[in-house]
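Atoms within each ligand, like the ligands themselves, are counted from 1 in listed order.
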Amino acid sequence: MTGFASQPATRRQFLGLTAAAGLALVSGCSGREPSAAGPPTTGGLRLTAAPMRVDLAGHAVPTWGYGTVPGPEIRLRAGEVLRVQLENELTEDTTVHWHGLAPPNGMDGVPGITQDPVAPGEGFTYEFETPIPGSFMYHAHVGMQLDRGLYGPLVVEPRTEELSYDREYTLMLDDWRDGMDDHAGHAAPAGDTDPDPADTVSFGGRAYPLLLVNGRPPEDPAVLEARAGDRVRLRVMNIAADTGFRFAIAGHRLTVTHTDGMPVEPTTVDALRLGMGERYDVLVDAAAPGGVWQIGVQPEGRGGWGRALLRYTGSDASRAPEVGERPAELAGQLAVYDDLLAREPLALPNGTPDRRYDLVLSGTQIGGQSYPDADPLPVAEGEWVRFTMRNTSAKWHPMHLHGHHFQVLTASGRGPVKDTVAVPARGGEVTFDFLATNPGRWLFHCHNHHHMEDGMVRLVEYGRR
Ligand code: C2O
Ligand code: CU
């Protein structure tokens with residue numbers, strides 16, 4: 001079982017916990033250790049965005065972060081209030097976006113759209129209820145700040161956990177280049193690199209010399225401990241700016257239980273594909289004959305390699321797999337949207353959608369327009385809205401909608417509920433439905449941050465009726 005001992009915090013307890021929890025959170029997830037089940041269950045903390053150094057296998061490189069990379073894991077229980085005091089010690093404006101949550105619009109963290117940017121030396125308090133459990137992320141939402149270390153995991157635990165497991169870990173996958181120019185051996189050419197042959201699954205094209213798992217390069221991997229016989233829950237999150245990943249564990253299969261935090265009928269596969277912004281929760285049975293096993297993170301459509309280790313307690317770490325060893329499972333059966341069945345489908349009415357948008361994704365345009373020279377996509381409160389995206393470009397685009405969960409339309413009629421969906425290149429098509437029940441001005445954009453900066457953004461806008 002999970003062993004979360006905490007009681008649901010009352011409002012008063014919650015306020016009382018704030019100061020202590022801030023400290024606990026900062027020491028609880030240092031980026032040196034994979035975050036483990038256990039500590040702090042509260043939403044009260046301070047996040048300070050500041051220049052810092054991160055230790056990459058012995059090289060201390062400069063970046064911007066929230067004290068550690070990834071930032072502290074924020075954990076609360078469904079129905080609690082998330083309260084985060086952001087302090088900006090950067091030399092630029094910043095904000096925090098709560099990726100996958102559906103807060104009131106003013107708490108969504110998009111500068112110039114949902115709030116004034118937080119200037120250097122200033123602060124901002126984010127405060128809202130988190131009724132929906134799941135695996136989420138937070139990250140800066142100004143320019144390319146996400147490309148640095150300004151991100152972290154956010155887990156909302158259900159009031160009653162339906163899954164049974166013995167321990168859990170969060171794994172954040174990232175592409176990295178901060179400070180890398182200084183280190184020969186890690187250097188890579190700048191600019192676009194991919195010629196993209198027709199069968200390549202490519203989510204981006206920029207050069208990233210390193211891939212990190214929980215802030216650690218392959219030479220100094222995070223080690224996940226498990227006892228033989230344990231059932232381990234992994235929350236795998238892609239926070240990269242420009243890289244889609246294939247994920248697998250040598251000698252183990254993965255039972256997918258959630259995508260983007262939302263439950264699906266458990267389905268067992270060998271590997272996951274994660275576009276930027278996507279998350280998968282999986283259960284892994286530690287049923288191999290002991291040892292140390294490679295957790296492989298293979299970028300889609302480009303070179304490079306990331307990894308962590310799964311170590312059976314008591315096994316000899318000196319017998320760990322070679323840095324570059326590729327689990328055969330990476331080429332095995334992949335979790336695909338068509339095979340995922342929502343356990344809690346959206347409450348869509350009978351009949352047909354109230355409003356539809358057919359949007360061609362071409363280059364970095366959505367529906368032929370490039371933000372900010374783009375019209376908002378109007379909807380009305382209460383409507384059932386359908387987006388169909390057809391991607392004519394050579395890159396896969398992971399499309400993310402703020403403030404809502406949507407349901408992917410698949411042949412089963414019960415496709416997964418998500419907030420980020422990868423649309424395949426060269427004619428790939430994805431349709432999703434959502435209910436316009438959270439009025440405001442919401443971003444709909446590609447989660448390749450270079451594409452986003454190039455204008456691959458539209459606004460979904462509606463007021464209260
Ligand atoms: Cu992670 Cu605008 O999103
Ligand atoms: Cu894109």
> Which is the closest N/O/S atom of His402 when seen from atom 2 (Cu) of ligand 1?
Replying inline: NE2
> Please state the angle at atom 1 (Cu) of ligand 1 spanned by NE2 of His447 and ND1 of His99: what is it, rounded to 10 degrees?
Replying inline: 100°
>> Between Asp242 and Arg177, does any side-chain N to carboxylate O distance fall below 4.0 Å?
In response: no
> Taking the six-membered ring for Trp, are His139 and His99 parallel (under 30°), tilted (30 to 60°) or perpendicular (over 60°)?
Replying inline: tilted
> Which N, O or S atom name in His397 marks its closest approach to the Cu ion (ligand 2)?
Replying inline: ND1
>> How large, to 10°, is the angle at atom 2 (Cu) of ligand 1 when you draw lines to NE2 on His141 and to NE2 on His445?
In response: 120°
>> Between His402 and His445, does the ring pair (Phe, Tyr, Trp, His ring centres under 6.0 Å) criterion hold? Intermediate values first, please.
In response: CA-CA 9 Å; His402 286 211; His445 66 87; 5.2 Å; yes
> Has His451 got an N/O/S atom less than 2.8 Å from the Cu ion (ligand 2)?
Replying inline: yes
> Of all the atoms in His400, is at least one N, O or S atom closer to atom 1 (Cu) of ligand 1 than 2.8 Å?
Replying inline: no
> Is the Phe387-Phe444 ring centre distance short of 6.0 angstrom?
Replying inline: yes
>> Could you go through Tyr66 and Tyr138, starting from their C-alpha distance and side-chain angles, then the distance that decides it, and tell me whether this counts as ring pair (Phe, Tyr, Trp, His ring centres under 6.0 Å)?
In response: CA-CA 11 Å; Tyr66 300 114; Tyr138 61 91; 5.6 Å; yes
